[in-house]
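Below, chain A is the first sequence line, B the second, and so on; all start at residue 1.
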Amino acid sequence: DTGVSQDPRHKITKRGQNVTFRCDPISEHNRLYWYRQTLGQGPEFLTYFQNEAQLEKSRLLSDRFSAERPKGSFSTLEIQRTEQGDSAMYLCASSLDGLAERNGELFFGEGSRLTVL
Amino acid sequence: GDSVTQMEGPVTLSEEAFLTINCTYTATGYPSLFWYVQYPGEGLQLLLKATKADDKGSNKGFEATYRKETTSFHLEKGSVQVSDSAVYFCALSQNTGNQFYFGTGTSLTVIP
């Protein structure tokens, strides 16, 4: 399977605990995105990497959130001291930088659902 | 800021009915516009796109035309099938491609 994979698919945790999600993008894709989706809403942008560089972060990404992409391949999203408001689906997407006609071809994973009790 | 508004669902149609899902946008400049689809149990995937005014995106029998004068990008299909049941998201991106703004999604159920 050469699509975007995310792990775990579902995480249940207690308030105050730390959680980490992993995303493995399509291997040749140099751009990687994290989005958050809550019930009844569309995906909201969190952050974006070009290779290993984190180039943009949303104001939604509080200081409890940190994302890394250390070698420009897989990425992790860590949430520290989770709150009930963090309960959401966390989506990872990747894309190939380059030709203008490729713009918009985000390839999404199936998401990691976080439930904070 | 940039944003997308799409019609609320859920929408339920009989097979072979005509589909329209409305989408309007607010953005500076000349964004690219997209429709993404999420089938049950799967990730979002690009359905179609248009990168400039009056462009028509099309795929799998779906069409949408980029209307700058009405800031709209409505999704249409002449004859829906049961397999079209999914959630549809309208989205826009400025041409830097760094950030996409999604609508809230419209759930479509097609019944035989």
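Taking CZ from B:Phe89 and CD from A:Gln37, the interatomic distance works out to 4.5 Å, rounded to the nearest 0.5 Å. With values rounded to the nearest 0.5 angstrom, B:Gln38 atom CD is found 9.0 Å from A:Phe108 atom CZ. Atom CZ in A:Phe107 sits 8.0 Å away from atom CG in B:Leu46 (nearest 0.5 Å). Here CG of A:Leu91 is found 8.5 Å from CZ of B:Phe102. Values are rounded to the nearest 0.5 Å. Atom OH of residue B:Tyr36 and atom CG of residue A:Leu106 lie 4.0 Å apart, to the nearest 0.5 angstrom.
Listed by chain and residue number, B:Glu63 satisfy the salt bridge (charged side-chain N to carboxylate O under 4.0 Å, His left out) test with B:Lys56 (two or more places apart in sequence, or in another chain). When the side chain to side chain donor-acceptor pair (under 3.5 Å) test is applied to B:Gln6, the partners found at least two apart in sequence or on another chain are B:Thr106.
For A:Arg15, the CZ atom sits in a loose shell: 12 or fewer heavy atoms of surrounding residues, nucleotides or ligands are nearer than 6.0 Å. Other residues, nucleotides and ligands contribute over 12 non-hydrogen atoms within 6.0 Å of the CG atom of A:Leu117. Within 6.0 Å of CD on A:Glu68 lie no more than 12 heavy atoms contributed by other residues, nucleotides or ligands.
Residue-level contacts of residues 64-75 of chain B with chain A do not occur; threshold 4.5 Å between heavy atoms.
For the pair A:Tyr35 (side chain) and B:Phe100 (backbone), a donor-acceptor distance under 3.5 Å is present.
There is no path of hydrophobic side-chain contacts, each under 4.5 Å, that joins A:Leu32 to A:Leu55. Hydrophobic clustering (side-chain heavy atoms under 4.5 Å, transitive across Ile, Leu, Val, Met, Phe, Trp, Tyr) groups A:Leu77 together with A:Val116. In the hydrophobic cluster analysis, where Ile, Leu, Val, Met, Phe, Trp and Tyr join through side-chain heavy atoms closer than 4.5 angstrom, B:Phe62 is grouped together with B:Trp35.
For residues 16-91 of chain B, the set of pairs meeting the disulfide (SG to SG under 2.5 Å) definition, not counting sequence neighbours, comprises B:Cys23-B:Cys90.
Residue A:Glu44: no heavy atom, backbone or side chain, is found under 4.5 Å from chain B.
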